[in-house]
Each structure stands twice: as C-alpha cells, then as structure tokens.
Amino acid sequence: MATGTGKGMANRALGFAMLALGFGYAHADDPANTQQGAVSTQQAQTADSQPPVRSWVLIPTLQLSETYTDNLTLAPTNRLSDFISSIMPGFTFRQTGNRTKATLDYGVQGLFYRNQSQLDHYYSHLDASGTAEIIKKTFFVDAGASVMQQPLSFAGAYGASLSNATGNIINISSSSLSPYLVHRFGEIATGEVRFTHTIQNYSQGGPSTTGNAYLGGLYSSTSDSTAASLNGGSAFNNLLWGMNYNDTVIQYGGMPETRLMNYSANMGYLFTPKFKVILTGGYEKDSYVYIGPQPQSVYWKAETDWAPTSHTKFMVSVGHRFFGNTRSLTVNQVTRLTTFQASYNEDVTSTILQQTIPTSSFLDQLLQAQIPNAAARQQAVQSLIASLGGQALLGQNVITNQVYLAKTFNASMGINLPRSIMILTAFNTKSSSLEPGNALLPNIANYGAVNEQGGTASWNWQFSPHLSSHFNASLTSMVFPGQTLNENFKLLNVGLTEQLARHLNGDISYRHQTMIAPAYLNYTENAFIATLNYAN
C-alpha cells in the first residue's frame, strides 16, 4: 500500500485542522464569551445580548463498498476487469462556542484490488475550518485545511472514481492561518488588517499499471497576503466610501516570487435599503514574467447591488483592467422549495489563490434551504458525491504554478419536492496563461489555454421512508484552442438506496462513463457498485 509523500501531506494538513479546533477549545470555556463564531464585526457588536453557547458533536463514520469494473485503467484497448474493495473510516466533528466555531470532516479510504493487489492504495480526505475571537471584538483568527484529489493532466485518462487505476491523480493539500484585527472608529469608520499565510502541497496519488502522470515542474507553494481596509460608518448615512490595500507574494520552491499588488478607493450611495451603486478606482502592479499586456495599470469598476426581495439578490459590475474590459454577475434566490445561484467573474489568479470549495461544502450550501435537518442533508450530500464523483459537479481545476486569467461562469439550482430532490449545475471556464512556459500542463504540453464547459443533472426520488432511487448524469467538454486535443466526457450513474437501520444505509448502483477524444484517450467503462454507509 502506498504511503510516502501523500501521508506527510495529510498529516500536515490535519495538523492545521487540529490547530483550528484548538482555537475553539482554548476559548470555549471562557466565561466572557459573547459571540458565536466571530464571523463578522457586525455579529460581534450584537453578541453581548446572546446567552452562552457551548456545544460539540462527534460522529464516527464508516463506508464499505465493493466495485466491479470492466475497464480498471480506463484504457482504449486491452481492458482489464477487476473487483475493488473500499474501506473508509472517518469522523465528522462540529464545535460551536460563544466566540468559536470549528468543523472537521476526515476520512481515510483504502482501496484493495482482487486481481491487481500491487495497486492497493489509500487516500486521505479532509475538510476543516475554525474561527476564534481571541480579544473581544478586536482580534480574530481563522484557520483551515483540506486534502482532496483530482486529475493532474487533461492529456491522460481520468474518470469519476478514485478506484480507476489511471495514475493520473494528484493529491492537493492546503492549509491556511489568518489572524486579523478589527477596530471601530465610533460611527465614522471600521478598519480591518488581515494577514493570511497559505501552504499548498502536491503529490502524485493513485495506482497505475503503466506509471503515474509526471508532476514535472509543478512545485508546492506558499502564499503570504496582507490586506487592509477602511470603510465608512453610519455617520455618513447613505453615503458609502472605503479604501483597500492588498499585497500577495507567492513563492514556488526556488523559483522567483510572484507578486500581486493593488490599492483602491470606492465611493457609493445607498439609494434605498435594497439598492446601491458603488464606483471603484485603483492601481494594480503585478510582478511576474508576463506575456501579453504589462500587468500594471490604473483600473476602475462600476457596481450595482439590488435586493428586490428578502430572498433575491443581484450584483452586476463592469470595469476595465490591464487585460481589457471586465464584467461580473452574481444572482442568488432562495424560496421554500428552490435555491438558485449563478455567477460570472474575470480575474487574474493562480492555483493557490483559487480557494476551492470542497464538493461537500458546495452541496451543503445548495441544499440548506431545502433540507434544514443537518443529518438528513449530510446523507443527501454523501449520496450525490458517491454517485457523481468528486469534481463532476463543478468541473476540474487548473493545476499550475503560473499566473493565468480565468473567466468563470457557474450556475446551480436545487429543487426540493415532497418526494424528490433535484440538482442542476452548469459551468464554463476559460483559462489562459499570462506567463510563458508550460502553464496549464507542466512538462506534458504547452496548450496555453483551456476552455471547459459542462453540466450535471441529479435526481433523487423517495419511494418510501426507507427506499429511494438516484439518477445522475454529467457532460464535460474541454477544448484546447489551437491544439488537436479536444475531449468530451460523459457520465451516467443510477441506483437504489435503502435505510437498513437507524445509522446504516446501503446502496447499489450502475456507472457508465465514456471519453470521446483522440484515439489514445478514447475509452468506455461499465461498473457495478455496492456500498454500506454507517454514521452514528
């Protein structure tokens, strides 16, 4: 069974997660606690009237599954069939205090192959965050950690399951620590100064019969970001103003540092409690080896925020930066039966700055209005992840040490009917390198740009209180402008889930996946999966 670097990454990330939880325990019993979670300054101002809150919950979990696949390595020819046993013990931890909040989801998945035992492997899965109010209404600390997996190379086989032995899986371990100070200047203004240190490590993961995809020049990285802001207070009535400064330094191994810096001022007016307009002007000066326009210029943005009802909100902006005109859009609507989210954004970024939302967190947010009960919602989330795969809902992330321009659109809708839950998602991302070199596929090919688009449809139907069915389908298309490598990936999963006991459910499902691409990447796979899930 493989250990090595992946284990070290998981241990370091878990250490950061425990640090986040440590903040919670350090202050959970403070009799002066007057805030739950320390999420925002506004909450801190009203915390004095809140009663003490001290609670925590620990839920052990265990998942057992058996998979039969007719194409273990997702190969175009010479297909191998095999049975794969998966064992994943884990736990979910939640802690809430008056001035603390911490969450941690952790599991270790072991994969065991009947006919190819040399491929036996394990993965760590982690999603943790914590926040604490160290000095009342003044000094706060956020911490977080995650370990997740996704395909490394778009030029190699990748599928919906970690059990496929493609050798094209990368472990991504991220951890961050962010102390910040908040100060109110009476009713005149509120200031905040925040420092964020982020570490992101990569390692090859996943077994292969032919060798792993090459990490090549992909380096682990650290990011140190300093941000300061000063925003007008209630003394200015409907007049809105603010000043902001951001300076981020990214270091990749022994390579020259990348620096992204900007400062700005904004002025706006609150025409009604539900409608405001804000104008922003500033200057950005980025430092990296660039291609295209010099990353240094004055920029501007005009933004409107409109909330016609308590359940609906729109944010729209237009502007100009060194790379051209910019646009952004955010739409949120929540009703008793539906949740709708859509966004479009254009930004200069890098992998370490993406702050990827784990699929479980995304689904939990999407289903929160439809399934208020946390335990029922968690079960629905895990069912969707198991049937669709980790990245199918949101698309793949660009893995690179380079700075690139990302134009990203995401939309999702959740529908909760009396006996069914439906989720629809759509995504479209255009990523283009702003630096020379192998920006998007290190040491494999220099495509320079990737356009990815796709969507998913998921439907869970409740036949009875203990029996339900699920149908999940997704389509992802990747286009590499100017290159011959274009890919279309299709996934279908159908199955039945039954509540066998109070804390135990079982699932049987069928999976079909197809890749339509150049001959060396064309493949199909059929798989049957039986799963037992325990959570107490």
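Keep in mind that the numbers below use all heavy atoms, side chains included, and drop hydrogens, waters and symmetry copies.
Between Gln453 and Asn451, every side-chain heavy-atom pair lies at or beyond the 4.5 Å cut-off. Put simply, the side chain of Leu434 does not reach to within 4.5 Å of the side chain of Tyr290, judged on heavy atoms. Using a 4.5 Å heavy-atom threshold, the side chains of Thr476 and Lys490 count as separate. Looking at Gln150 and Ile169, their side chains never come closer than 4.5 Å, going by heavy atoms from C-beta outward. Under the 4.5 Å side-chain criterion, counting only non-hydrogen atoms from C-beta, Thr67 is not in contact with Phe83. Inter-residue side-chain proximity for Leu329 and Met315 is flagged as unmet; no heavy-atom pair is nearer than 4.5 Å. No side-chain heavy atom of Asn345 sits less than 4.5 Å from a side-chain heavy atom of Lys407. Using a 4.5 Å heavy-atom threshold, the side chains of His125 and Met148 count as separate.
Donor-acceptor pairing under 3.5 Å is lacking for the side chains of Arg511 and Thr69.
Summarising the geometry of Ser124 relative to Val147, their closest heavy-atom pair is O-CG1, 3.3 Å, with the distance given to 0.1 Å. Summarising the geometry of Leu111 relative to Ile84, their closest heavy-atom pair is CD2-CG2, 4.2 Å, with the distance given to 0.1 Å. The shortest heavy-atom contact between Leu521 and Tyr523 is O-CD2, 3.0 Å. The nearest pair of heavy atoms linking His470 to Leu496 is NE2-N, 4.0 Å. Summarising the geometry of Pro518 relative to Asn486, their closest heavy-atom pair is CD-O, 3.8 Å, with the distance given to 0.1 Å.
Rounded to the nearest 0.5 Å, atoms CG (Asp507) and OG1 (Thr497) are 3.5 Å apart. Taking CD of Gln149 as the start and CD1 of Ile170 as the end, the distance is 10.0 Å to the nearest 0.5 Å. Distance CG/Asn71 to CZ/Arg79: 4.5 Å, rounded to 0.5 Å. The structure places OG1 of Thr429 at 6.0 Å from CG of Asn410, a figure rounded to the nearest 0.5 Å. In this structure, Met515 CE and Asn488 CG are separated by 8.5 Å, a value rounded to the nearest 0.5 Å. Taking CD of Glu498 as the start and CG of Leu504 as the end, the distance is 10.0 Å to the nearest 0.5 Å.
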Set out, in order, the CA-CA distance, both residues' side-chain angles and the distance that settles side-chain contact (heavy atoms from CB on, under 4.5 Å) for Leu126 and Ser146, then state yes or no. CA-CA 5 Å; Leu126 173 67; Ser146 68; 5.5 Å; no

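In this structure, Ser468 has no side chain to side chain donor-acceptor pair (under 3.5 Å) partners at least two apart in sequence or on a different chain. With sequence neighbours left out, the side chain to side chain donor-acceptor pair (under 3.5 Å) criterion links Asp347 to Arg321. Take Arg327 and apply the salt bridge (charged side-chain N to carboxylate O under 4.0 Å, His left out) test, not counting sequence neighbours, and it matches Glu346. Take Thr248 and apply the side chain to side chain donor-acceptor pair (under 3.5 Å) test, not counting sequence neighbours, and it matches Ser225. Residues that satisfy the side chain to side chain contact (heavy atoms under 4.5 Å, CB included) test with Phe528, not counting sequence neighbours, are Tyr68, Tyr510. Partners of Asp224 under the salt bridge (charged side-chain N to carboxylate O under 4.0 Å, His left out) rule, at least two apart in sequence or in another chain, do not exist in this structure.
When atom types are taken as modelled, the side chain of His311 and the backbone of Val334 share a donor-acceptor pair closer than 3.5 angstrom. A distance-only check finds a donor-acceptor pair linking the side chain of Gln499 to the backbone of Ala501 [under 3.5 Å]. Within the 3.5 Å criterion, the main-chain N or O of Ser464 finds a donor-acceptor partner in the side chain of Gln462. Side chain of Ser176 to main chain of His197: no donor-acceptor pair is present (N/O by atom type, distance under 3.5 Å, no hydrogens or angles). With hydrogens and angles disregarded, a donor-acceptor distance shorter than 3.5 Å links the side chain of Asp70 to the backbone of Asn526.
Taking a cutoff of 4.0 Å between a charged side-chain nitrogen and a carboxylate oxygen, Asp105 and Arg94 qualify as a salt bridge.
Each of Leu62, Asn536, Asn533 was scored for a side chain to side chain contact (heavy atoms under 4.5 Å, CB included) with His503, with one residue passing: Asn536.
Aromatic ring orientation, Phe489 versus Tyr158: tilted (interplanar angle from 30° to 60°).
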